[in-house]
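Scroll down for the structure; my scribbles are underneath it.
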Amino acid sequence: MSRARWRSARLFAPLLTAVIALPLSAPAAAAEAAGPPQRPVFTGGEAQPVFDPDDVVRENLWVRAPVDSDRDGADDEVHVRVVRPADTEQGLRVPVVYTASPYFSGGNDVQNHDVDVELYVPRAEMTSRYEDYLLSRGFAVVYAESLGSGASTGCPTTGGENETIGAKSVVDWLNGRAPARTGGGDPVRADWTTGRTAMMGVSYNGTLPNAVAGTGVEGLETIVPIAAISEWYDYYRENGAVVAPGGYQGEDADVLAEYVYTRQDREICRPVIDELAREQDRVTGDDSEFWQQRSYLDDAENVNASVLAVHGLSDWNVTLSQTARWYEALAEHGVERKIWLHQFAHTDPYGVRKEEWLRTLNRWFSHYLYDVDNGVETEPRATIQREDETWHDEADWPAAGADDAELHLRPGGDGIGGLSPDGAARGRPVTEELTDDASKTVEQLVDADTSPHRLRYTTEAVTEPVRLSGTPSVDLRMRFDRPAANVTGVLVDRAPDGTSHVVTRGWADPQNRHDRASTRPIRPGQPYRLSFDLQPQDYVVDEGHRLEFVVLSSDRDFTLRPRPGTGVAVDVKHSSVTVPIVGGDGAMR
């Protein structure tokens, strides 16, 4: 019978409605001290609810079956889950209602092979747009293919320690500490270099410099990580939620490893990539040792190289938190640093402000690689491009004077509720509800005048420009009608003509409300407090505009997309959003 027909034919045997002769075994001495167990009670021939359904013993076990259906040379085992009244620990004996099913773990999406694919294209050459510029100014240029890619051996592990070691070995070779060979097997030394080395790149190519700098390797004098990752967990997860980089829904560590696995031997790394797929955990979204091994934040204390960090304020592939947290960690350990923030997306400043960028890069490399005393290390640490594409140098980032402004929700969120710096509203509690629908994008929900799928709250129009600089956070009191849900928070700039711009957003799994590394069940109907950060940002809300906060469940472009229908309720009077504003509360008033 087909799987579809089996699904439509799931039947259960009738349940017994009476229990006769319930024999009890002799209780142990400890059980006697605890008192006799509760006995079943029957009224009108029906068992009555006299046991606490939360007071139970749960057990997982595997039952051996005398068959070897997987042909591994051992008998199969049946996974069994037992849930029994706690009174059975005191000698009570009870009957069992047993259900066997192949559906307890859900089902897989079964797809045919994709034929809508691009044709083969030869690999790109090892070069960069900076090559001629640097060579012409007295700098050598070195390229290296990461482990598992191109002509390198080894396996790609999406930020694993082996990739860091592979990239670091080139710095070691440049400093005479690692051997190398030619294609013919002859040894070769880098006797042409001072050993003073910089690393630079965009995205993954900028992430490896972060990783290598975290080893404290001698000879690495400076790095220029552009749109780079400092913690892989926050690239594919967020506060316990499984998320995706913008534009790449469904990507994860295993997919990226598969993508960059371009070495000639296409089978040797299969076990490694299969292990990635298992350990990345797309089920719970929890932080784990797998992800901790792919975080460089704790290694900031080892960084000896100076850092020129660059990021786009509109980058939703590698989000700004990656550079913001790295920059903060470097500051805590006194690392010489500078930050460039531009208005564009996942790119470097070469095409944004080419002349000034190349001048900065030149002066940076000249100072840290040639010891030129040009004062670059004493200049303002932050260079920021504003919304009108003008550039501004500032002492540091976030902006001086940025202070938290706590904005409290006001009723009316199914249409447009209020958002006020004047403290929590008084009076009776107000609960407002939304229903999850992952088929709707954030932009669609933000612009809807009314919607059952989001709650929307707005400030009064600001009377002068208000600058957000840093990391906003939300503090929500919520209930859910299902045992699992996504939660998404969005900050929006609303213009006088009604048009909108998403300033920033963030995601969380309420099952990870206490710790991103630990899933704790949520009980439908029970209230929970959920606090989490949105993505950092630097943004100016113009005069006459309003700042809005929108709450929804699934974010179609970033989170997992469960079937529509999950109900989410927000306790309006006990929920707020905190925004880092230059001037703090006073500026919002």
Side-chain angles (χ1 to χ4, degrees), residues 398-399 401-434 442 445-451 453-479 487-506 508 527-552 568-589:
D403 198 8
D404 286 344
E406 189 173 13
L407 306 177
H408 295 267
L409 278 54
R410 296 288 189 263
D414 55 344
I416 305 176
L419 192 61
S420 173
D422 293 330
R426 298 180 180 179
R428 301 178 62 183
V430 174
T431 298
E432 298 184 339
E433 300 179 351
L434 65 93
V442 162
L445 295 175
V446 160
D447 285 336
D449 290 333
T450 61
S451 173
H453 307 303
R454 61 97 180 115
L455 298 173
R456 175 179 159 193
Y457 305 91
T458 184
T459 66
E460 298 292 333
V462 299
T463 57
E464 60 184 37
V466 172
R467 180 181 175 187
L468 182 161
S469 184
T471 303
S473 61
V474 300
D475 184 19
L476 304 173
R477 301 302 192 277
M478 313 185 79
R479 289 184 288 105
V487 175
T488 301
V490 186
L491 277 181
V492 178
D493 176 10
R494 182 74 58 181
D497 63 2
T499 57
S500 66
H501 172 75
V502 173
V503 177
T504 188
R505 66 179 91 183
Y528 295 98
R529 178 181 180 180
L530 184 63
S531 300
F532 60 96
D533 288 343
L534 307 184
Q535 286 296 318
Q537 187 53 266
D538 199 292
Y539 186 86
V540 174
V541 180
D542 285 336
E543 179 182 348
H545 290 225
R546 299 170 185 265
L547 185 63
E548 296 185 351
F549 176 57
V550 179
V551 184
L552 58 143
V568 179
V570 176
D571 180 345
V572 174
K573 294 189 176 182
H574 293 91
S575 295
S576 63
V577 55
T578 299
V579 184
I581 297 292
V582 176
D585 280 334
M588 288 305 302
R589 295 177 191 277

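Start at 1 with the first residue, then count along the sequence.
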(request) Side-chain contact test, heavy atoms from C-beta onward, threshold under 4.5 Å: evaluate it for D404 versus V579 and give yes or no. (result) no

(message) Is there a side-chain hydrogen bond (donor to acceptor under 3.5 Å, both in side chains) between D475 and S531? Walk through the geometry before answering.
(response) CA-CA 4 Å; D475 184 19; S531 300; 2.8 Å; yes

(message) Apply ring pair (Phe, Tyr, Trp, His ring centres under 6.0 Å) to residues H501 and Y539 and explain how you reach the verdict.
(response) CA-CA 11 Å; H501 172 75; Y539 186 86; 5.4 Å; yes

(request) Dump the intermediate steps for side-chain hydrogen bond (donor to acceptor under 3.5 Å, both in side chains) on S469 and D538, then the final yes or no. (result) CA-CA 4 Å; S469 184; D538 199 292; 2.8 Å; yes

(message) Ignoring hydrogens, what is the shortest heavy-atom contact between E432 and G413? Give both atom names and the distance.
(response) OE1-N, 2.8 Å

(request) Over all heavy atoms of both residues, which pair between G544 and P496 is shortest? Give the atoms and the distance, please. (result) O-CG, 3.4 Å

(request) Would you indicate whether H574, at its atom NE2, is surrounded by more than 12 heavy atoms from other residues, nucleotides or ligands within a distance under 6.0 Å? (result) no

(request) Tell me, with the steps shown, if V487 and L530 meet side-chain contact (heavy atoms from CB on, under 4.5 Å). (result) CA-CA 9 Å; V487 175; L530 184 63; 3.7 Å; yes

(request) Could you tell me the separation between the CD atom of E543 and the CD atom of E464, rounded to the nearest 0.5 Å? (result) 8.0 Å

(request) Look up atom CG in L455 and atom CG in L434, then write down how far apart they are to the nearest 0.5 Å. (result) 4.5 Å

(request) Keeping the roles fixed (side chain from R454, backbone from A448), state whether a donor-acceptor pair exists under 3.5 Å. (result) yes

(request) Indicate yes or no: at least one non-hydrogen side-chain atom of T431 is less than 4.5 angstrom from one of V570. (result) no

(request) Would you name the heavy atoms of P398 and G470 that are closest together and state the gap between them? (result) CG-CA, 4.0 Å

(request) Mind checking the CD-OG spacing from E406 to S576? Nearest 0.5 Å is all I need. (result) 4.0 Å

(message) What I want to check is whether the side chains of H545 and D542 have a donor and an acceptor closer together than 3.5 Å.
(response) no

(request) Identify whether the distance between the nearest side-chain nitrogen and carboxylate oxygen of R456 and D447 falls below 4.0 Å. (result) no

(message) Between Q537 and V503 (side chain of the first, backbone of the second, donor and acceptor by atom type, cut-off under 3.5 Å), is there such a pair?
(response) yes

(request) Not counting sequence neighbours, which residues clear ring pair (Phe, Tyr, Trp, His ring centres under 6.0 Å) with F532? List them please. (result) none

(message) Would the distance check show the side chain of T499 and the main-chain N or O of A495 forming a donor-acceptor pair, the cut-off being under 3.5 Å?
(response) no

(message) Which heavy atom of D449 sits nearest to which heavy atom of I416, and what is that distance?
(response) O-CG1, 4.3 Å

(message) If you apply the rule side-chain contact (heavy atoms from CB on, under 4.5 Å), what do you find for R410 with L419, and how did you get there?
(response) CA-CA 6 Å; R410 296 288 189 263; L419 192 61; over 6 Å; no

(message) Nearest 0.5 Å, please: how far is CG in L491 from CG in L407?
(response) 8.5 Å

(request) Please report the shortest heavy-atom distance between P536 and P472, naming the atom on each side. (result) CA-CD, 4.4 Å

(message) Do V446 and R494 have side chains that approach each other closer than 4.5 Å (heavy atoms only, starting at C-beta)?
(response) yes

(message) Please evaluate residues V466 and L468 with respect to the criterion side-chain contact (heavy atoms from CB on, under 4.5 Å), reporting the C-alpha separation (whole Å), side-chain torsions for both, the decisive distance (0.1 Å), and the verdict.
(response) CA-CA 7 Å; V466 172; L468 182 161; over 6 Å; no

(request) Please tell me if the side chains of D493 and L547 come closer than 4.5 Å, counting only heavy atoms from C-beta onward. (result) no

(message) Test your reading of the model: is there a side-chain donor-acceptor pair from E460 to the backbone of R546, 3.5 Å cut-off?
(response) no

(request) Could you tell me whether a side-chain N or O of S420 sits under 3.5 Å from a main-chain N or O of H408, the two making a donor and an acceptor? (result) no

(message) For the CG atom of L476 and the CG atom of L409, what is their distance to the nearest 0.5 Å?
(response) 7.5 Å

(request) Write down the atom of T450, the atom of G415, and the distance for their closest heavy-atom approach. (result) CG2-CA, 4.1 Å

(message) Quick one, L552 and V490 - any side-chain contact, counting heavy atoms below 4.5 Å?
(response) yes

(request) Would you sort out whether T459 and F549 count as a side-chain contact (heavy atoms from CB on, under 4.5 Å), showing the intermediate values? (result) CA-CA 9 Å; T459 66; F549 176 57; over 6 Å; no

(request) With the side chain counted from C-beta on, respond yes when R477 and S575 share a heavy-atom pair under 4.5 Å apart, and no when they do not. (result) yes

